[in-house]
Amino acid sequence: WYLQAWDRGREGWRTFRLDRADEVHVTTFSVVPRTPPEAQLGSGPEAWPCDVRVRYRCPGEAVARRVAHHGRVIDSGAGWCLLEAWGRDVDELAWHLLWIALDLDTTVEPLSAPVAAAFARLQGRVAASLGG
């Protein structure tokens, strides 16, 4: 199950997986009515505006369990796997791909220019946050 909601922090629409919700918090935030974008219910790359390829140094089954309907392992062997993933925003997708690498304690190698550029932007944001 997914929830489409306005993210006040990012000032944009996001899709949240409900199985990842840990807690519910009551707030005093006011609700501003917004017209949501058309829902994208497709489960393949044709339903999403961006698609990328990356390589992980781990078995494909471990990665496949973490991408749900937003990617597929298209090749696996000799201790690595090739993943094709898709989403609405390449930067948001890059965060997710890096989370997978962190969760699996492995490396991820960008194989397409858009995700390589997104990784570089994220690296810059992290470095700026750390004062470096």
Side-chain angles (χ1 to χ4, degrees):
W1 290 87
Y2 294 88
L3 168 69
Q4 185 176 38
W6 181 261
D7 185 334
R8 294 170 53 110
R10 292 189 183 182
E11 290 293 313
W13 289 98
R14 293 198 44 214
T15 303
F16 300 91
R17 282 185 42 183
L18 293 181
D19 64 329
R20 293 186 180 163
D22 292 333
E23 300 175 26
V24 176
H25 299 279
V26 177
T27 69
T28 59
F29 293 131
S30 60
V31 175
V32 177
R34 290 179 167 77
T35 302
E38 186 174 320
Q40 294 183 343
L41 300 176
S43 61
E46 65 282 349
W48 300 94
C50 64
D51 62 285
V52 300
R53 288 182 177 214
V54 296
R55 181 182 1 237
Y56 288 97
R57 302 237 178 257
C58 65
E61 304 83 44
V63 174
R65 286 193 300 270
R66 287 164 174 81
V67 295
H69 299 292
H70 293 280
R72 67 176 162 241
V73 174
I74 56 176
D75 192 12
S76 184
W80 60 270
C81 69
L82 182 63
L83 172 72
E84 180 181 48
W86 47 84
R88 180 184 2 223
D89 176 82
V90 70
D91 287 335
E92 185 176 311
L93 187 55
W95 274 115
H96 185 71
L97 297 172
L98 289 170
W99 170 85
I100 291 171
L102 179 65
D103 189 46
L104 295 174
D105 192 27
T106 191
T107 59
V108 58
E109 176 186 351
L111 300 177
S112 55
V115 77
F119 283 172
R121 284 190 298 276
L122 295 174
Q123 181 181 16
R125 288 176 60 189
V126 170
S129 296
L130 298 173

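Contact between V54 and L111 at its shortest, heavy atoms only, is C-CD1, 3.9 Å. Counting all heavy atoms, side chain and backbone alike, C81 lies closest to V73 at CB-CG1, 4.0 Å.
In the hydrophobic cluster analysis, where Ile, Leu, Val, Met, Phe, Trp and Tyr join through side-chain heavy atoms closer than 4.5 angstrom, W80 is grouped together with I74. V52 is connected to V67 through a chain of hydrophobic side-chain contacts under 4.5 Å among Ile, Leu, Val, Met, Phe, Trp and Tyr, so both are in one cluster.
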Side chains of residues 117-127: which donor-acceptor pairs under 3.5 Å do they make with residues two or more places apart or in other chains?
{"unit_1": "R121", "atom_1": "NE", "unit_2": "D91", "atom_2": "OD1", "d": "3.1"}
{"unit_1": "R121", "atom_1": "NE", "unit_2": "D91", "atom_2": "OD2", "d": "3.4"}
{"unit_1": "R121", "atom_1": "NH2", "unit_2": "D91", "atom_2": "OD1", "d": "2.7"}

If you look only at distance, which donor and acceptor atoms sit under 3.5 Å apart when one is on a side chain in residues 57-64 and the other is two or more places apart or in another chain?
none

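For the pair L98 and V108, the minimum side-chain heavy-atom distance is below 4.5 Å.
Among pairs with a residue in residues 92-106, those fulfilling side-chain hydrogen bond (donor to acceptor under 3.5 Å, both in side chains) read R66-D103, at least two apart in sequence or across chains.
Among the candidates L82, L97, T107, the single residue satisfying the side-chain contact (heavy atoms from CB on, under 4.5 Å) test with Y56 is L97.
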